[in-house]
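The structure appears right after this line, and notes come after that.
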Amino acid sequence: MVSQTDGTEATQVLADLDAYRTREAKQQPTWPDPDAVRVASAELAAQPPLVFAGEADLLRERLAAAARGEAFLLQGGDCAETFAAATADKIRDRVKTLLQMAVVLTYGASMPVIKVGRMAGQFAKPRSSDTETRDGVTLPAFRGDLVNGYDFTPESRAADPSRLVQGYHVSASTLNLIRAFTQGGFADLRQVHEWNKGFVSNPANQRYESLAAEIDRALRFMDACGVDHSALTRTEFFVSHEALLLDYERPLTRIDSRTGKAYDTSGHFLWIGERTRDLDGAHVEFLSKVENPIGVKLGPTASVDDALRLIDRLDPERTPGRLTFITRMGAGRIRDVLPGLLEGVRDAGAQPLWVTDPMHGNGITTATGYKTRRFDDVMDELLGFFEAHRAVGTFPGGIHVELTGDDVTECLGGSENIDEATLATRYESLCDPRLNHMQSLELAFQVAEELKRTVR
Ligand SMILES: O=C[C@H](O)[C@H](O)COP(=O)(O)O
Ligand SMILES: C=C(OP(=O)(O)O)C(=O)O
Ligand SMILES: [Mn+2]
């Protein structure tokens, strides 16, 4: 990957990349000092890429298999990663949680699972309101560690472009650790029991232990037969985030020396959020010019026409694996809205990957002010997703979930039955509530059941 290849062609690609600057970019911070943004951008542009074009291409191929019904996408991680929580233990526990969920899904449904973290760059948040008021004091809303601090003071809430550079470095160290964990023996399937260690014992863990014992038996059988399982010693793991902050994404976009095409090297997979998916907006324009596999969130108001226009803008060649639609309808709406969308897109001859985000349509706020979600609503939206696909005959290709490996109390319910009073005990998210380790495993077991019914 280099920043420039042959003169004219590269100049044209770079000019095309900057076309987004003439479009409206929603959800961007107001940087107090534009010069400081230019300095940060230049510094980012001088850094090495975080991911390589060939890796993004590989992920596109994997996602193409999922769109055809031959694989399943598991995408998960924090709503908002933070610089402070980018510690070895927390990153390891999130990776372990995703590996455990992937094992449950792979074993349960006998289907390859593509593992993608909302990690190593998920630092910028779109907000419903530009400001937050506490006890009569109004300050800018927290927009993620890439923009400002969470502390409720004017200094902390001011948008600071040096955070763009810090975010790059935290992403680099997070990704370095992820690569070490997934390539260096930790993800070896023979460690399937180890991934469960260190988490509090609970019914979901115990169910996982029995499944791990079955996998162990199968591996011993394969050993006895002399089967080579070197393929099981490491695992592919990709990273993704919402490509929200264009002052971060643009400087990290480079021309691939192999092909002369542009790749956003801040992550393998980038998505456009529900609030920034306007057809004429800067986000759609910018991501239309990069080669990475990309996603678009679709909320309950998305029409067939919206989906088809997004396909035309973002995937005009209908490249397999290029475009993922991540639906987030809400448990109460999905059964009404999703089937028509699936039919309309199918009838137009397109085959995007369809993934469910059962979190963002199910937010509620408690009387005590906690943003939360009911585990039952999350599960209900998941079931609605599988039902809609079964009814239409399309493939339910994956899940996109906000989760953590930590033992937090942010979502209500689950078999631990977290109630409103318990939310306060370990509520750590700076933005949306995440499934904790146990709720994540419970969800994986249920998805495996649904997937089994679908692929049977
Ligand atoms: O993660 C998603 C959004 O950033 C989040 O739901 C917005 O939350 P808000 O409504 O509190 O701004
Ligand atoms: C902001 C998010 O979601 P959405 O764009 O679907 O609201 C998110 O995934 O954190
Ligand atoms: Mn969120």
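We count ligands from 1, going down the list as the structure has it; atoms in each ligand are counted the same way. Note: hydrogens, waters and symmetry copies are ignored here, and every other heavy atom, side chains too, is used.
Taking the centre and axis of the six-membered ring of Tyr263, the NZ or CZ atom of Arg254 falls outside the cone set by 45° and 6.0 Å.
For CZ of Arg335, the number of neighbouring non-hydrogen atoms (other residues, nucleotides, ligands) closer than 6.0 Å is greater than 12. Applying the 6.0 Å contact sphere to CZ of Arg234 captures no more than 12 heavy atoms from other residues, nucleotides or ligands.
Listed by number with element, the atoms of ligand 2 under 4.0 Å from a non-hydrogen atom of Gly273 are 5 (O). Per-residue contacts place Arg275 under 4.0 angstrom from the following atoms of ligand 2 (heavy atoms of the residue considered): 7 (O). Under a 4.0 Å criterion applied to the non-hydrogen atoms of Glu242, ligand 2 contributes the atoms 1 (C). Ligand 2 places these atoms under 4.0 Å from at least one heavy atom of Arg118: 8 (C), 9 (O), 10 (O).
Counting heavy atoms closer than 4.0 Å to ligand 2, residue Met359 contributes nothing at all. At a 4.0 Å heavy-atom cut-off, ligand 2 touches Pro126 through the side chain alone.
The nearest heavy-atom contact from the protein to atom 5 (O) of ligand 2 is Glu274 N, 2.9 Å. Looking at atom 7 (O) of ligand 2, its nearest protein heavy atom turns out to be Arg328 NH2, 2.9 Å. Protein heavy atom in closest approach to atom 3 (O) of ligand 2: Lys297 NZ, 2.9 Å. The protein heavy-atom contact nearest to atom 2 (C) of ligand 2 is His360 NE2, 3.5 Å.
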When you check ligand 1 against the protein, what N or O pairs turn up below 3.5 Å? List the atom names and distances, or just say none.
from	atom 1	to	atom 2	distance (Å)
ligand 1	1 (O)	Lys125	NZ	3.1
ligand 1	1 (O)	His360	NE2	3.4
ligand 1	1 (O)	Asp432	OD2	2.7
ligand 1	4 (O)	Pro126	O	2.6
ligand 1	6 (O)	Asp432	OD1	3.1
ligand 1	6 (O)	Asp432	OD2	3.0
ligand 1	8 (O)	Lys371	NZ	2.8
ligand 1	10 (O)	Ser128	OG	2.3
ligand 1	11 (O)	Arg127	NH2	2.8
ligand 1	11 (O)	Lys371	NZ	2.7
ligand 1	12 (O)	Arg127	NE	2.8
ligand 1	12 (O)	Arg127	NH2	3.4
ligand 1	12 (O)	Ser128	N	2.8
ligand 1	12 (O)	Ser128	OG	3.3

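For Ser266 and His241, the side-chain atoms include at least one donor-acceptor pair closer than 3.5 Å.
Looking only at protein N/O/S atoms, the ones less than 2.8 Å from the Mn ion (ligand 3) make 4 in total.
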